[in-house]
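Data block below; observations after.
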Amino acid sequence: MKELEKAYEPKEYEGNIYKKWEDSGLFNPDVCIEKGITKSDADPFCIILPPPNVTGTLHIGHAVMLAIEDVMVRYHRMKGDRTLWVPGTDHAAIATQEKVERILWNEEKKTRHDLGRDVFLKKVEQFAQDSHDRIINQAKRMGTSLDWSREYYSLDDTRNLAVKTAFKKMYDEGLIYRGDRIVNWDPKMQSNVSDIEVVRKEEKAPFYYFQYGPFTIGTSRPETKFGDKYVVMHPEDARYAQYKHGDTFECEWINGKIKATIIKDDAVDPEFGSGVMTITPWHDATDFFIAERHGLEKKQVIDFQGNLLPIAEEFAGMNILDARPKIVEKLKAKGLLVRVDEEYVHSTATNSRGGGLIEPQIMKQWWVDVKKEFVMEHSEIEGIKKGETMTLQKILQHVVRAKQIEILPERFEKNYFNWVDNLLDWCLSRQLWYGHRVPAWYRGEELYVGIEAPEGEGWEQDPDTLDTWFSAGMFSFSPLGWPDENATDLQTYHPTNVLETGYDILTFWVVRMILMTTFLRGQVPFKTVYLHGLVRDEQGRKMSKSLDNIIDPLEVSDKFGTDAVRLSLMVGSTPGNDTKLSEEKIGSFRNFANKLWNISRFTLLNIEDPQKDREYPSAKTLADQWILARLSQVVKSVTEDIESYKFSPAAETLRDFTWNELADWYLEIAKIEGNKSHILNFILNTILKLWHPYMPFVTETIWQKVYGEEEILMGEKWPVMQETNTAMDTMVIMDFMLLQNLVTAVRSVRSEYGVEPGKFVSVYVSAAEKKAFLEKNSETIQKLARIEDLVIEEQLNKPENAVSCVESGLEIFVDVSGALDVEKEKERIHKEIAQVEPYITGLQKKLENQDFVSNAPEAVVTQEKEKLAVAQDKLQKLHEQLAKL
RNA sequence: GGGUUUAUAGCUCAGUUGGUUAGAGCGCUACAUUGACAUUGUAGAGGUCAGAGGUUCGAAUCCUCUUAAACCCACCA
């Protein structure tokens with residue numbers, strides 16, 4: 001006979017199990033088809049793993065993503081779908097380059113410019129490779145059933161071809177243009193960054209009011225004011241009605257007299273400050289757009305290092321932060337400083353990577369025009385026809401509004417539309433070195449955009465690289481073989497089924513994926529977006545190095561087992577909401593994994609000849625009928641929950657069934673009734689399959705111990721839902737509940753009277769019409785409740801020295817042999833009466849209410865009547881018992 | 001300034017379209033333990049569902065307002 005060790009030790013098995021999965025080839029759907037596990041014409045199910053950045057290691061957030069996706073993938077594979085989960089990593093241009101630059105500075109006090117582009121890139125590549133290897137190992141440790149044969153890197157040759165092809169196609173269509181626009185320049189990083197990469201931080205800074213001709217203007221940035229020669233106010237502002245748009249005046253300013261022009265524009269908030277401002281179009285986005293609207297001159301004041309240009313005269317060459325107080329000093333000396341608000345709070349823009357202070361600059365950059373019209377060349381999108389005129393923005397709005405893409409939870413659609421409805425052109429180019437080069441070449445005034453360098457001498461490639469999200473925008477199809485439109489994977493698996501990712505990158509990534517995919521392929525990238533929440537520490541704080549509250553997924557996997565970690569990340573969390581994680585929580589799932597192990601251990605000791613494919617077992621006893629009825633309900637409910645992305649409820653249903661019903665009741669009864677080999681085999685077989693997506697290691701380990709090492713659970717078929725007689729099941733479940741209630745009632749009395757757990761008692765039951773039923777199950781009841789003599793009659797009198805109670809319509813008398821305490825009993829019965837009486841009164845009132853009786857559905861009224869009858873019966877019996885004391 | 005979310009037992013959370021005497025896990029209390037499992041079992045205590053109104057025969061659930069916390073967006077000169 002096979003036997004399991006006493007406790008489940010994850011460390012002993014996890015490594016081998018993963019290797020066995022890998023060796024089996026079953027992560028690859030083609031192998032599943034070859035081996036006959038999946039039918040070649042089965043429905044495809046595909047998820048592209050959101051590729052982790054090669055900036056370091058996987059954190060707990062990655063673990064959530066891996067766990068949820070692995071549940072879906074393992075479920076669909078077992079269900080028989082042609083299931084593909086594609087792994088990859090992302091070069092994360094700015095994040096990776098910043099990290100390597102920081103290391104370079106800390107270790108060698110060198111900048112990237114000291115090394116030069118080629119040498120620096122070699123260093124980044126090495127760093128990326130190391131990170132990649134670490135990440136892959138970590139992902140494997142989490143038990144992920146990713147098809148490693150299809151792994152991609154966002155910067156590899158195939159993806160580079162995809163990027164160049166996409167860029168050219170969008171350029172040829174006029175959707176990509178090169179132009180001078182204001183960008184977020186990071187002088188520290190020496191690159192522009194996109195709006196979403198900028199974080200704003202609140203800061204208290206002096207706010208200065210200066211006299212500017214007849215006006216008072218306010219600013220927290222005096223150093224930008226050298227070139228200011230336009231003064232802007234709201235056209236409706238009555239205070240300044242006397243000034244006309246285009247009027248000019250002379251006034252004294254920082255470095256002498258200037259000529260200023262009056263501009264009326266409704267971008268000015270009359271409530272703010274004096275309602276008048278001067279503008280610096282080169283270094284402020286709002287000002288830039290005002291200048292654009294009125295065709296005003298723009299002048300650069302600050303250079304790309306963050307120092308003042310010659311326009312600042314005596315301040316030229318100074319860093320802006322050093323110059324600021326000196327400029328204020330000078331204006332004060334000239335009598336132009338009106339007042340200073342020292343309590344002013346505003347927010348400053350910094351680069352989310354590296355923390356550099358953003359200085360807006362006007363620069364020539366590459367952009368995606370989201371509002372330009374173009375003709376759809378190809379469309380499989382419902383509601384958009386081939387040949388129809390669209391804009392990128394309109395497509396983005398359409399596909400979600402028309403439910404071509406479902407966002408879960410639904411409320412994030414609001415975020416999506418908030419973003420998409422206010423969409424601005426997308427700045428593609430970065431002055432970074434690590435990334436896809438812009439596929440553009442220049443020769444004098446000539447510009448060429450293409451896949452390869454143009455023919456002829458003297459062409460120079462654009463030194464800039466592309467925003468990481470440009471390549472990431474193609475991740476639903478570039479990992480499947482695009483631009484080869486005939487690639488089998490692309491044909492089979494696109495559009496993919498689910499994009500599962502954190503809600504924090506909805507706008508970063510999801511929007512860009514939809515944009516790129518709909519334009520380039522005329523398809524949506526995925527049908528469903530499932531957004532998980534962030535994992536926080538037990539106090540709800542973000543995990544960070546400085547708080548030292550980081551839970552490392554591998555560390556806790558070592559300690560508690562990977563299955564426990566996976567479960568703890570899924571149970572108790574709902575899509576779009578953050579979850580709190582603690583080691584205690586993980587520990588409780590470690591306990592559960594061990595429980596499942598011991599359930600299996602017990603089962604194994606009680607079955608002869610374990611076989612995995614047996615016909616549906618027949619039930620011999622009530623308990624058998626009950627557990628099978630419950631099992632099929634559980635199969636149904638778990639299947640439906642997983643299908644509808646309710647991963648936590650599915651696991652909770654399973655856990656409650658496994659622990660509270662199977663282990664606590666059925667296995668105990670199996671010990672009494674005996675001879676349950678076939679049915680135990682069937683139940684074990686089914687729950688191992690049901691648990692497999694959540695806890696792949698422990699279930700696979702048990703499976704191989706039970707059925708042999710050549711067997712692989714991950715390739716098994718998902719349990720089928722049995723055709724059941726619902727009415728019968730309900731009756732069986734009700735009957736079993738009566739048995740449970742009786743047993744629990746007796747145990748409760750025993751506990752209350754301090755009857756020693758080992759001691760047997762006598763119990764008398766007035767069972768009315770349930771007499772025959774209870775007699776049939778008397779042995780089970782006796783053993784479960786430690787009853788020596790169990791007397792069951794339709795109606796019997798309370799024996800001497802017995803404690804009585806009423807449960808499910810039964811009157812139960814427990815002989816506590818002399819320990820009966822009449823006062824205590826009176827008190828107990830009074831307490832119960834006090835509980836039932838208001839309940840009855842409530843129900844009576846409800847049923848006397850004509851509005852209720854006429855308005856409520858009949859079923860509800862009937863139900864309430866039944867409740868009342870049961871409660872009244874109970875009350876009556878309680879009174880009788882009281883009288884007999 | 002606009003928007004979103006959260007508020008249910010000491011803690012972490014369930015509670016599907018309004019109809020349960022409001023549930024689970026952890027923790028807590030008492031008792032038990034060499035027979036699958038102390039990573040356990042049995043029994044139990046613990047909640048005016050943030051507050052105030054309203055709709056309804058009926059509200060934890062729908063509406064309005066208030067309070068508290070978290071987050072996102074915005075052209076805070």
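What's counted below: heavy atoms across the whole structure, side chains too, no hydrogens, waters or symmetry copies. In what follows, chains are A, B, ... by sequence order, proteins preceding strands, each numbered from 1.
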Next item on the list: Provide the distance between the two P atoms, one in B:rG3 and one in B:rU21, to the nearest whole Å.
Entry: 40 Å

Margin query: Taking the basic N atoms (NZ, or NE/NH1/NH2) and the acidic carboxylate oxygens, is any pair closer than 4.0 Å for A:Arg181 and A:Glu292?
Written below: no

Margin query: Under 4.0 Å between a side-chain nitrogen and a carboxylate oxygen: does that hold for A:Glu756 and A:Arg786?
Written below: no

Checklist line | Whole-angstrom distance between B:rU8 and B:rG51, as gauged at atom C1' | finding: 14 Å

Notebook entry, point to check: Any side-chain N or O of A:Lys585 less than 4.0 Å from the OP1 or OP2 oxygen of B:rC26?
Noted result: no

Item checked: Ring geometry between A:Phe207 and A:Phe272 (parallel below 30°, tilted from 30 to 60°, perpendicular above 60°) -> perpendicular

Check: Looking only at side-chain N and O atoms, does A:Thr603 come under 4.0 Å of OP1 or OP2 in B:rA36?
Finding: no

Check: Nearest to the side chain of A:Asp656, which nucleotide is it out of B:rU6, B:rA77, B:rA24?
Finding: B:rA24

Notebook entry, point to check: May A:Phe852 be described as stacking on the base of B:rC57, applying a 5.5 Å centroid limit and a 30° limit on plane angle?
Noted result: no

Next item on the list: Decide, yes or no, whether a salt bridge links A:Lys824 with A:Glu752 under the criterion of side-chain N to carboxylate O below 4.0 Å.
Entry: no

Next item on the list: Check every strand shown and say whether A:Asn849 touches a base, only sugar-phosphate, or nothing at a heavy-atom separation below 4.0 Å.
Entry: sugar-phosphate

Margin query: Would you say A:Lys846 places a side-chain N or O within less than 4.0 Å of OP1 or OP2 belonging to B:rC57?
Written below: no

Notebook entry, point to check: Can you tell me if the side-chain N/O atoms of A:Lys671 get under 4.0 Å from OP1 or OP2 in B:rG35?
Noted result: no

Margin query: Classify A:Ala856 by what it touches in the nucleic acid, base, sugar-phosphate, or nothing, heavy-atom distance under 4.0 Å.
Written below: base

Check: The side chain of A:Phe272 lies closest to which of these nucleotides: B:rC76, B:rU4, B:rA36?
Finding: B:rC76

Next item on the list: Answer with base, sugar-phosphate or nothing: what part of the nucleic acid does A:Val345 contact at a heavy-atom distance below 4.0 Å?
Entry: base

Note to self: Counting the atoms with a prime plus P, OP1 and OP2 as sugar-phosphate, which does A:Val268 contact under 4.0 Å by heavy atoms, base, sugar-phosphate, or nothing?
What the structure shows: base

Check: Taking the side chain from A:Asp284 and the backbone from A:Thr280, do they hold a donor-acceptor pair closer than 3.5 Å?
Finding: no

Check: If you measure only the distance, is there a donor-acceptor pair under 3.5 Å linking the side chains of A:Lys225 and A:Thr278?
Finding: yes

Notebook entry, point to check: Quick one: is A:Lys646 getting a side-chain N or O under 4.0 Å of the B:rU16 phosphate, OP1 or OP2?
Noted result: no

Note to self: Between B:rG19 and B:rC62, how many Å separate the two P atoms, rounded to a whole number?
What the structure shows: 11 Å

Note to self: Within the 3.5 Å criterion, strictly below it, is a donor on A:Ser648 or A:Glu652 matched to an acceptor on the partner's side chain?
What the structure shows: yes

Check: Should A:Glu827 and A:Lys831 count as an ion pair when the cut-off is N to O under 4.0 Å?
Finding: no

Margin query: Suppose you measure atom C1' in B:rU5 against the same atom in B:rA50; what distance do you get, rounded to whole Å?
Written below: 15 Å

Next item on the list: Consider the side chain of A:Asn577, meaning its heavy atoms from C-beta on, and name the nucleotide among B:rU12, B:rA36, B:rU5 that approaches it most closely.
Entry: B:rU5

Margin query: When the C1' atoms of B:rC63 and B:rG27 are compared, how many Å lie between them, rounded to an integer?
Written below: 38 Å

Item checked: Pairing stems for RNA chain B [at least three consecutive pairs; Watson-Crick or G-U; under 3.5 angstrom] -> B:1-7 with B:67-73, B:10-13 with B:23-26, B:28-32 with B:40-44, B:50-54 with B:62-66

Item checked: Base versus backbone protein contacts along nucleotides 39-44 of chain B [heavy-atom cut-off under 4.0 Å; B, S, -] -> BSSSSS

Margin query: Taking B:rA52 as the reference, what is the distance to B:rU67 when you measure between their P atoms (whole Å, please)?
Written below: 15 Å

Next item on the list: Would you mind classifying the nucleic acid contact of A:Arg750 as base, sugar-phosphate or nothing, using non-hydrogen atoms under 4.0 angstrom?
Entry: nothing

Note to self: Please verify the inter-ring angle class for A:Tyr344 with A:His346; under 30° counts as parallel, over 60° as perpendicular, anything in between as tilted.
What the structure shows: tilted

Notebook entry, point to check: Can A:Arg221 be said to sit on top of A:Trp282's aromatic six-ring, NZ or CZ under 6.0 Å from centre and within 45° of the ring axis?
Noted result: no

